[in-house]
Protein chains: 2
Amino acid sequence: MSSPYPEPLLRLIEQLQKWPGIGAKSAQRLAFHVLKAPREDAERLADALRDVKTQVQHCSICANITDADPCTYCTSPDRNPRLICVVEEPANVIAVEKTRDFRGRYHVLMGTLSPLQGIGPDALRIKPLLARVATGEVEEVILATNPTVEGEATALYLAKLLKPLGVRVTRIGMGVPMGSDLEYADEVTMTRALEGRREM
Amino acid sequence: MSSPYPEPLLRLIEQLQKWPGIGAKSAQRLAFHVLKAPREDAERLADALRDVKTQVQHCSICANITDADPCTYCTSPDRNPRLICVVEEPANVIAVEKTRDFRGRYHVLMGTLSPLQGIGPDALRIKPLLARVATGEVEEVILATNPTVEGEATALYLAKLLKPLGVRVTRIGMGVPMGSDLEYADEVTMTRALEGRREM
């Protein structure tokens, strides 16, 4: 007997290990949890996995994930069509939405410029963004790419393309995160926090 | 709009959050991974989940998990039927099997005695163990319950029941784990290590 696991369990462990951050030990623990949990839980999870792949798509306007195209952000009359927030990934839309503060629309780039990995402007949804701005309906584009080397470079690149179109281009604020301790802030973040200081 | 997630994605995140050790953030990360990964991966995982619940059962002899009853450990002619290793959970069988040293059979208790949680002897597979030993075929029972308060209490309880049946009862060795540093050993483990010292 090569494996101590029954074959179906082994297959489940192998599939779970393909997930990011799930190693051999976690995969085994999760698989044993599935064994113990009610069958309906496994059924519901299996259904949810299938449904996500069959029902979720990218919005043809903003490229955010949606189960109806165009997505609710692009069609909602409650949202300001003159304000577009540009993010790298659909998950970043969630992060912005959780603030409940932003009532504009979105544009998902589906990545960042990364010459080392061969990701140039044509691999990202930059042209559709320029097209949206070129309609003249947009007043401000907030660049909310990540505060990383790639995210910064992408924001700079986009700003250069967008400004000639006569639109206001802004970048999200950077500094020390709320609830953190200055003791643990890295130098770059601390520098940005000083640069971004405001009158009280 | 109450949730920023498309409904199928929200359902997947909710199901994933039911798993042990998977919080809101991990569930979101895994769900977005499923969105990006090939559809076949999601299909295979969904199938594996269903198969585990439909094809994996408990062995009627030892209660270990198996896809054929009785399990291969109980039926293999290569395994010594006079030696039984008693463990708490099916996952513990895997841990013992990984040593490749044990060639006896198993008995899974499906838990430990835990009066505070209302788990008494009748909730565990103790009677079937006594029945297996009562056949007279068994020479030694290795108690490999966990080195915890409950595991120790269960081992003591079993030893008291088993010894009168004329069988040798042993407990797995306890001490400092291989590759560890004495500096980080707790007092109870260190005491056990001293008690369990052997001639070199």
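Throughout, a chain's letter reflects where its sequence line sits, starting with A, and its residues are numbered from 1.
- For the options A:Glu89, A:Glu7, A:Gln15, heavy-atom pairs under 4.5 Å to chain B are most numerous at A:Gln15.
- B:Arg50 CZ to A:Leu45 CG: the interatomic distance, rounded to the nearest 0.5 Å, is 9.5 Å.
- Within the 4.5 angstrom heavy-atom criterion, only side-chain atoms of A:Lys98, from C-beta onward, approach chain B.
- Of the atoms belonging to A:Asn64, not a single heavy atom falls under 4.5 Å from chain B.
- B:Arg11 contributes no side-chain N or O that, together with a main-chain N or O of A:Asp47, makes up a donor-acceptor pair within less than 3.5 Å.
- Here the CE-NZ distance, from A:Met110 to B:Lys36, works out to 6.5 Å after rounding to the nearest 0.5 Å.
- Note on B:Leu83: it clusters hydrophobically with B:Val87, by side-chain heavy-atom contacts below 4.5 Å among ILVMFWY residues.
- At a 4.5 Å heavy-atom cutoff, A:Glu14 makes no contact with chain B through either its backbone or its side chain.
- Across all non-hydrogen atoms, the minimal contact from B:Asp67 to A:Pro8 is OD2-CD, 3.5 Å.
- Side-chain contact between A:Pro6 and B:Gln55 is absent, with no heavy atoms from C-beta onward closer than 4.5 Å.
- Interface remark: A:Pro90 contributes backbone and side-chain atoms alike to the contact with chain B (heavy atom separation under 4.5 Å).
- For A:Gln117, the CD atom is loosely surrounded, since the number of other residues' heavy atoms within 6.0 Å does not exceed 12.
- Using a 4.5 Å cut-off between heavy atoms, A:Thr54 touches chain B through backbone and side chain atoms alike.
- Within the 4.5 Å cutoff, side-chain heavy atoms of A:Trp19 are placed close to those of B:Val34.
- Considering CD of A:Glu40 and NZ of B:Lys53, their distance stands at 8.5 Å, rounded to 0.5 Å.
- Of all heavy-atom pairs spanning A:Ala48 and B:Leu12, the tightest one is CB-CA, 3.7 Å.
- Nearest approach of A:Lys18 to B:Asp41, heavy atoms of both residues: NZ-OD1, 3.7 Å.
- The hydrophobic clustering, which links ILVMFWY residues whose side-chain heavy atoms are closer than 4.5 Å, places A:Ile119 and A:Val108 apart.
- A pairwise comparison of heavy atoms in A:Glu97 and B:Pro4 identifies CB-CB, 3.8 Å as the closest pair.
- The choice from A:Ile65, A:Leu9, A:Thr66 that makes the most heavy-atom pairs within less than 4.5 Å of chain B is A:Ile65.
- A:Leu35 is connected to A:Leu16 through a chain of hydrophobic side-chain contacts under 4.5 Å among Ile, Leu, Val, Met, Phe, Trp and Tyr, so both are in one cluster.
- Contact annotation for A:Ile22: only side-chain heavy atoms (C-beta onward) come within less than 4.5 Å of a heavy atom of chain B.
- The neighbour count for B:Glu195 CD, taken as heavy atoms of other residues, nucleotides or ligands under 6.0 Å away, is above 12.
- Proximity to chain A (any heavy atom under 4.5 Å) is restricted, for B:Gln28, to the side chain, taken from C-beta onward.
- In this structure, B:Leu158 is not a member of the same hydrophobic cluster as B:Ile172, with clusters built from ILVMFWY side-chain heavy atoms closer than 4.5 Å.
- Taking hydrophobic clusters as Ile, Leu, Val, Met, Phe, Trp and Tyr residues chained together by side-chain heavy-atom distances below 4.5 Å, B:Leu129 does not share a cluster with B:Ile142.
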